[in-house]
Amino acid sequence: MGGRERFGNRAAVIMAMAGSAIGLGNIWRFPFIVGQNGGAAFILIYILCCFLLSLPILFSESVIGRRTSRNTVGAMEALAPGTSWKWLGLLTVISPIIILSYYSVVGGWSVEYLYKSLTIQFHPDNVEAVTGMFGIFTASGFKVIACLLLFLGITAGIVFAGVKKGIERFSKITIPVLFVLIVVIAIYSMTLPGAGEGLKYLVHPDFSKLTPDAFAAALGQSFFSLSLGVGTMLTYSSYVRKDENLVVSGAGTAVSDLLFAILAGFAIMPAVFASGIAPSAGPGLVFETLPYIFAKMGTGGVVISAVVAILFFITILVAALTSSISMMEVGVAYLSEERGLSRAAATAGIFLFALAVGIMCALKGSVFDFLDKLCSNFLLTLGALLFSLFVGWKMEKEDVKDELTNGGTLHTNAKLFPIIYFLIKYVAPVSIAVIFISGLLG
Ligand code: PHE
């Protein structure tokens with residue numbers, strides 16, 4: 001095949017992977033889940049989950065991806081030829097395309113809301129009308145589909161430009177900017193009068209709320225947020241150079257994602273409480289509550305709240321794009337490497353498929369909810385479980401060690417290896433299975 005692209009250096013790898021990880025999951029789900037499940041106590045178990053369960057899965061996907069330098073199906077074929085593991089490869093080509101379809105609908109909403117904030121529609125004179133705007137917008141099928149088309153079109157454009165010129169370049173420029181933006185918004189939010197209650201919601205530790213459900217929520221959120229179980233990290237890792245340290249780039253990705261989620265919490269919740277509204281998750285939070293807050297805060301200074309609104313919707317749109325490109329790349333890598341399509345044809349094919357499913361999601365909320373539940377509650381966890389079983393039980397231990405220590409040349413990794421391997425082989429699959437099954441039963 002030859003000529004397969006590679007990410008340039010470590011910064012490029014971490015920015016691309018962090019770009020995939022940082023997205024809507026950090027902005028609209030994490031802050032709410034934290035408050036619902038015991039504040040700081042939940043953040044604590046979330047961090048544990050991240051390092052003890054999610055990071056080993058990220059390492060598993062990285063080992064498979066970099067060892068084979070192939071797409072998800074090709075990688076399974078290379079490591080376990082002629083076995084049913086190829087179904088895992090296929091599953092993880094399909095699941096990110098499904099996620100891409102409904103994720104892009106929300107990406108389209110953020111295009112519209114960036115436009116609304118640029119044209120200062122969240123104005124103090126408008127406060128009462130602002131929350132109703134979302135219902136009016138989503139009822140207009142034409143507008144929603146046009147925005148979806150635009151979002152998917154930008155995604156396809158970046159993916160088509162290639163791994164280095166498209167994905168790497170876009171993530172390298174935007175991820176540092178996203179961090180600056182979210183810090184600026186957090187400072188604004190925390191200095192609003194009445195913001196203290198929001199801070200309490202995030203940091204007050206309530207250990208009585210740490211029920212089994214809270215553990216399941218932490219696990220599901222952490223997989224979704226780190227883009228695990230759906231082959232995106234595997235595919236990105238297949239573009240990582242052989243001399244890169246997978247443990248360092250994986251840990252760097254997990255820490256960036258965690259930090260961004262916590263910053264998003266501090267950017268959003270203080271403002272929500274300052275305006276006296278009960279917090280919610282999902283579309284209501286980002287497209288109703290926050291615009292209402294921007295409009296209301298405008299009474300204290302129209303310019304500053306208009307600027308914050310613009311920065312906020314730029315943040316959401318860009319964070320969503322760095323994730324959507326990673327979902328699209330999985331299928332593009334598969335179609336171009338296994339099915340012989342050109343990159344242009346592969347990108348166009350996935351674009352059209354995601355557009356068709358996306359339109360159904362945009363027009364029917366029930367399709368949207370069904371696909372979201374199917375992926376985030378089921379396919380992601382299943383994929384993550386199978387990846388850890390594959391690396392822990394199917395692959396040779398020596399091969400896994402070779403990949404994580406670059407042939408034994410990385411001495412710290414060699415010392416850490418027994419712990420990492422134990423987490424991959426026993427801790428991760430057992431905990432995921434227990435939490436998954438108790439979730440299905442409960
Ligand atoms: N991690 C992304 C987010 O938090 C979502 C995502 C899921 C991206 C699966 C790729 C694959 O928004």
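Start at 1 and go down the list; that is how both ligands and their atoms are numbered.
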Report yes or no: do [X] and [Y] form a side-chain donor-acceptor pair below 3.5 Å?
| X | Y | answer |
| --- | --- | --- |
| R6 | S69 | yes |
| Y239 | E168 | no |
| N406 | D243 | no |

Should you measure from each heavy atom of [X], which atoms of ligand 1 turn up under 4.0 Å away?
| X | result |
| --- | --- |
| V230 | 9 (C), 11 (C) |
| S323 | 2 (C) |
| S20 | 1 (N), 2 (C), 8 (C), 10 (C) |
| M327 | 6 (C), 8 (C), 10 (C) |
| S225 | 1 (N), 4 (O) |
| G25 | 3 (C), 4 (O), 12 (O) |

Please work out which of the three classes, parallel, tilted or perpendicular, describes the rings of F30 and F42, given edges at 30° and 60°.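 Because their plane-to-plane angle lies in the 30° to 60° range, the rings of F42 and F30 count as tilted.
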Are P96 and ligand 1 in contact, using a heavy-atom cut-off of under 4.0 Å?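 Under 4.0 Å: no for P96.
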Quick check on the 6.0 Å ring-centre criterion: do [X] and [Y] meet it?
| X | Y | answer |
| --- | --- | --- |
| Y113 | F122 | yes |
| W393 | Y426 | yes |
| F137 | F287 | no |

Can you confirm, on distance only, whether ligand 1 has an N/O atom lying under 3.5 Å from any N/O atom belonging to [X]?
| X | result |
| --- | --- |
| T232 | no |
| I22 | no |
| L380 | no |
| F224 | yes |
| L226 | no |

For residues S189 and P270, report the shortest heavy-atom separation together with the two atoms involved.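 Looking at all heavy atoms of both residues, the closest pair is OG-CB, 3.4 Å.
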Please name the pair of heavy atoms, one in S326 and one in S20, separated by the smallest distance, quoted to 0.1 Å.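 Reported closest heavy-atom pair: OG-OG, 2.9 Å.
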Heavy atoms only, cut-off 4.0 Å: how does A21 contact ligand 1, side chain, backbone, both, or neither?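 It is the backbone that gets close, since no side chain atom is under 4.0 Å.
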Indicate, as side chain, backbone, both or neither, the part of S326 found under 4.0 angstrom from ligand 1 when only non-hydrogen atoms are considered.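 It is the side chain that touches ligand 1; the backbone stays farther off.
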Nearest non-hydrogen protein atom, atom 8 (C) of ligand 1: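 Here the closest protein heavy atom is S227 OG, 3.3 Å.
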So which protein heavy atom does atom 12 (O) of ligand 1 come closest to, and at what separation?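 Atom 12 (O) of ligand 1 sits closest to the protein heavy atom Y103 OH, 2.5 Å.
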For a 4.5 angstrom cut-off between non-hydrogen side-chain atoms, does Y201 reach Q36?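 Of all side-chain heavy-atom pairs linking Q36 with Y201, at least one is under 4.5 Å.
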